[in-house]
Amino acid sequence: MSKLSLAFYQQEDVVSVAKQLLGKKLFTNINGIVTGGIITETEAYDGAIDKACHAYGGKYTNRTATMFLKGGVTYVYLCYGIHHLLNVVSGKEGNPQAVLIRAIEPVVGLEAMLQRRKMDKLAPRITAGPGALSQALGIDKQLNAKDLSANEIWIEDFESYNDDQIVATTRIGVAYAEEHALWPFRFYVKGNKFVSKPSS
DNA sequence: TTCCCGATTTACT
DNA sequence: GTAAATCGGGAAA
């Protein structure tokens with residue numbers, strides 16, 4: 001098992017990184033408990049030119065500072081006061097690009113995930129959706145701005161998918177971004193069950 | 001310092 | 001299908 005290299009995260013094209021992250025394995029180690037799974041759904045946030053991105057227009061604040069870091073660190077953000085969203089910062093330092101991890105297929109530490117989610121049996125929804133995923137992996141703000149080559153959270157190389165196995169569609173929950181809400185920056189693995197559905 | 005709103009999920013009508 | 005929960009960040013005053 002090899003962790004993804006720093007060079008991987010620092011590619012210029014965040015959309016490309018988002019696609020390549022599909023099929024890779026994401027792990028966390030919280031208080032010695034390792035949980036993780038295969039990434040099945042991602043979303044790209046293209047920094048300063050993307051209205052849906054927190055750092056749109058080069059906005060630099062306490063919260064968005066993490067996105068300006070060099071690629072290869074986490075960006076964890078609390079949304080709706082309840083849910084933690086896990087992002088992977090990409091690109092070079094000063095370029096606020098990030099990939100939101102929206103869903104994974106659980107592989108390691110299933111019992112711990114069930115416990116954290118207060119569920120008694122495995123269901124796809126346990127990690128389908130950014131908030132659910134973070135809860136299952138025990139991710140909270142403590143894991144913000146962590147280096148992805150460290151031992152608390154990391155991503156390992158595993159599989160890559162071709163374009164014909166990847167579905168590109170519009171992002172979810174970013175209607176406020178106006179025309180940018182229509183950008184096909186959301187990617188998921190075709191036919192995979194562990195993918196969040198648009199709330200309908 | 002105050003007010004408004006969100007990269008969502010879940011429970012209930 | 002619809003609404004409520006809930007709190008930190010960002011912008012305005």
Side-chain angles (χ1 to χ4, degrees), chain A residues 9 14-15 17-19 21-22 26 37 39-69 71 73-91 95-106 113-146 148 153 155 167-188 193-200:
Chain A
Y9 300 109
V14 66
V15 172
V17 174
K19 288 203 274 190
L21 278 174
L22 292 173
L26 169 70
I39 297 171
T40 57
E41 184 176 357
T42 62
E43 254 179 39
Y45 284 86
D46 195 5
I49 62 166
D50 184 356
K51 278 191 186 174
C53 180
H54 291 152
Y56 170 64
K59 185 162 43 186
Y60 189 93
T61 66
N62 217 33
R63 174 174 62 159
T64 63
T66 308
M67 269 197 282
F68 286 83
L69 296 176
V73 299
T74 58
Y75 170 48
V76 178
Y77 159 66
L78 180 64
C79 186
Y80 292 88
I82 309 173
H83 306 288
H84 296 281
L85 283 354
L86 173 65
N87 300 253
V88 173
V89 178
S90 75
N95 192 2
Q97 297 179 322
V99 176
L100 169 65
I101 310 297
R102 292 193 57 87
I104 66 169
E105 178 178 339
M113 293 191 214
L114 290 171
Q115 199 173 344
R116 285 177 184 144
R117 298 271 292 142
K118 298 192 169 96
M119 295 170 65
D120 50 8
K121 71 190 232 202
L122 187 63
R125 46 176 264 170
I126 187 172
T127 52
L133 173 157
S134 300
Q135 192 181 340
L137 295 187
I139 292 167
D140 59 25
K141 288 205 327 189
Q142 300 299 104
L143 286 180
N144 187 33
K146 292 289 182 189
L148 281 166
I153 179 166
I155 297 176
V167 180
T169 184
T170 53
R171 291 176 289 190
I172 294 175
V174 291
Y176 67 90
E178 302 169 25
E179 73 274 15
H180 293 180
L182 300 177
W183 289 4
F185 275 11
R186 171 173 170 249
F187 307 100
Y188 62 91
K193 288 179 191 147
F194 296 89
V195 166
S196 60
K197 295 183 205 156
S199 53
S200 59

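Sequence lines set the chain letters: A, B, ... in the order given, protein chains first and strands last, and positions in each chain run from 1. Keep in mind that the numbers below use all heavy atoms, side chains included, and drop hydrogens, waters and symmetry copies.
For K118(A) and dT9(B), the NZ to P distance is 17 Å, given to the nearest whole Å. Separating the NZ atom of K141(A) from the C1' atom of dG8(C) is a distance of 6 Å, rounded to the nearest angstrom.
Checked against dG9(C), dA11(C), dT8(B), the side chain of I172(A) finds its nearest nucleotide in dT8(B). If you check dG9(C), dA7(B), dT10(B) against the side chain of Y176(A), the one that comes closest is dA7(B). The nucleotide whose nearest atom lies closest to any side-chain atom of I82(A) is, among dT6(C), dT9(B), dG10(C), dT6(C). Comparing dT8(B), dG8(C), dA7(B) against the side chain of L78(A) picks out dG8(C) as the nearest. Of the candidates dT9(B), dT8(B), dG10(C), the closest approach to any side-chain atom of T61(A) belongs to dG10(C).
Distances shown here put a side-chain N or O of R102(A) below 4.0 Å from the OP1 or OP2 atom of dT8(B). The phosphate of dA7(B) has neither OP1 nor OP2 within less than 4.0 Å of any side-chain N or O from R63(A).
Residue contacts for A177(A): at a heavy-atom cut-off of 4.0 Å it reaches no nucleic acid atom on any strand shown. Contact annotation for Y75(A): base contact, defined as any heavy-atom pair under 4.0 Å involving a base atom.
Taking the side-chain hydrogen bond (donor to acceptor under 3.5 Å, both in side chains) definition, one finds that R125(A) meets it with nothing, sequence neighbours left out.
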Criterion salt bridge (Lys or Arg N to Asp or Glu O under 4.0 Å) on R102(A) and E43(A), from CA distance to verdict: CA-CA 7 Å; R102(A) 292 193 57 87; E43(A) 254 179 39; 3.2 Å; yes
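No N or O donor and acceptor, one from the side chain of H83(A) and one from the base of dA7(B), sit under 3.5 Å apart.
Within residues 41-53 of chain A, the residues approaching DNA chain B are Y45(A), A52(A), by heavy-atom distance under 4.0 Å.
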Please, what dot-bracket string fits DNA chain B when only Watson-Crick and G-U pairs with both distances under 3.5 Å count, crossing ones use [ ] and pairs to another strand use |? ||||||.|||||.
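With V76(A) as reference, I139(A) is the one residue of I153(A), I139(A), N87(A), T66(A) to meet the side chain to side chain contact (heavy atoms under 4.5 Å, CB included) rule.
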